[in-house]
Amino acid sequence: MKIGYFQFNPRFGELEENRKQLKKTLTNADADLIVLPELPVSGYFISTREEAEILAEPVPGPTTDILKAISSQTGTYFVTGLLETANGNLYNSAVLIGPEGPVSTYRKTHLFYEEKNFFTKGNNYGTFEIKGVKIGMLVCFDHLFPEAARTLAIMGAQIICHPSNLVLPEIAQLTTRVRALENRVFWVMSNRYGSETKGDKTHRYTGESQIIAPNGGIVHRAPPESDELYITDIEPKDALEKDITEFNNVFEDRRTDIYKM
Ligand code: ACM
C-alpha cells in the first residue's frame with residue numbers, strides 16, 4: 001500500500017489559494033492514502049470565534065469536493081485537517097475522503113492552547129477500512145495522550161493518520177515514534193511548516209513530518225522548512241503482529257486489572 005503526506009506552508013485565510021495548491025500537488029500523486037496537515041485550508045492561528053466562523057466550512061463542502069474529485073480520478077484516499085462547522089459548533093477536524101466523498105470525520109478530542117476559546121471538543125474515536133486496511137485519525141496535540149492512540153489500536157487501526165500544526169519542537173517527532181512502537185502500528189504525521197503572526201504573538205510550525213513503522217523506526221522524515229510530497233510503499237499486515245517476543249504481546253500483556261484510567 002502506498003501511503004504518504006504533503007507537508008507545505010498554508011497561507012492564513014487564503015482559502016482559495018490553499019485549495020489551489022492542494023489541487024495542483026495532489027492531482028498527479030500516485031498513492032493509496034495521503035495525509036494533509038491540520039487546518040491546511042484556513043490556516044491555524046485564529047484569534048476569535050468570529051474569525052473562525054468566517055473560515056469554517058461544512059462536510060461535505062468546498063474542500064472535500066475538491067479532494068473527492070481528485071480521488072475519483074486517481075483512487076487516492078485523503079485525510080485532511082478541516083475547520084468544520086456543524087450544528088452551530090466549530091470543530092478542529094480530520095476528514096477521510098475517497099471517490100465516494102467524505103467517509104468519516106474525526107473531531108479533535110484534546111484541544112491545544114487558545115483552541116479552547118472557539119472549538120468544541122470531539123467525543124469519539126473510530127476506525128475505517130480503506131482498500132482492506134483499517135485506519136484511524138488523530139489531530140496534532142492528541143499525540144501527547146497515549147490513551148488516544150491506544151484506543152485506535154485496540155479498535156484495529158493499522159495506520160494512524162495525524163494531521164498536525166506542531167509548535168513545540170521535537171516532541172511529537174519523539175512521541176509518535178513511541179506511540180507507533182507501543183501499539184505496533186504505522187503512523188503518518190503530516191505537519192505544516194512556516195509561521196503565522198497575530199499582533200505580538202507568533203506560532204512557528206516545525207515541519208519534519210514523518211512516517212513511522214510499527215517497530216518505531218523512521219521510514220522517512222521531511223525537512224523542517226520545505227514543501228514535500230512523500231509517498232512510500234508499506235506492508236499494512238506488519239501492523240497486525242502484536243507479539244514482541246514469543247512470551248509477550250503488547251495487547252495481551254496489558255494489566256487493565258490494576259491500571260488507573
Ligand atoms: C496543536 O495541537 N496544533 C499544537
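Atoms within a ligand are numbered from 1 in the order they appear, just like the ligands themselves. Computed over heavy atoms, backbone and side chain alike; hydrogens, waters and symmetry mates excluded.
- Between F141 and H110, a ring centre-to-centre spacing not shorter than 6.0 Å is recorded.
- Within the 4.0 Å heavy-atom shell around ligand 1 one finds E115.
- Side-chain atoms of E196 come within 3.5 Å of backbone atoms of Y44 as a donor-acceptor pair (strictly under, hydrogens ignored).
- Contact annotation for Y113 and ligand 1: no heavy atom of the residue comes within less than 4.0 Å of the ligand.
- L36 places a side-chain heavy atom less than 4.5 Å from the side chain of L22.
- Contacts between F112 and ligand 1 below 4.0 angstrom, taking non-hydrogen atoms only, involve the side chain exclusively.
- Checked by atom type and distance alone, the side chain of K198 pairs as donor or acceptor with a backbone atom of F45 at under 3.5 Å.
- No hydrogens or angles considered: nothing links the side chains of Y5 and Q210 as a donor-acceptor pair under 3.5 Å.
- Annotation for ligand 1: atoms under 4.0 Å from non-hydrogen atoms of Y44 are 1 (C), 3 (N).
- The distance from ligand 1 to the heavy atoms of C140 drops below 4.0 Å at these ligand atoms: 1 (C), 2 (O), 3 (N), 4 (C).
- A salt bridge does not link E14 with R19: every distance from a Lys NZ or Arg NE/NH1/NH2 to an Asp or Glu carboxylate oxygen is 4.0 Å or more.
- Under a 4.0 Å criterion applied to the non-hydrogen atoms of K108, ligand 1 contributes the atoms 1 (C), 2 (O), 3 (N).
- Residue F141 has at least one heavy-atom neighbour below 4.0 Å for each of these atoms of ligand 1: 2 (O).
- Every atom of ligand 1 with a heavy atom of E38 under 4.0 Å away is listed here by number and element: 1 (C), 3 (N).
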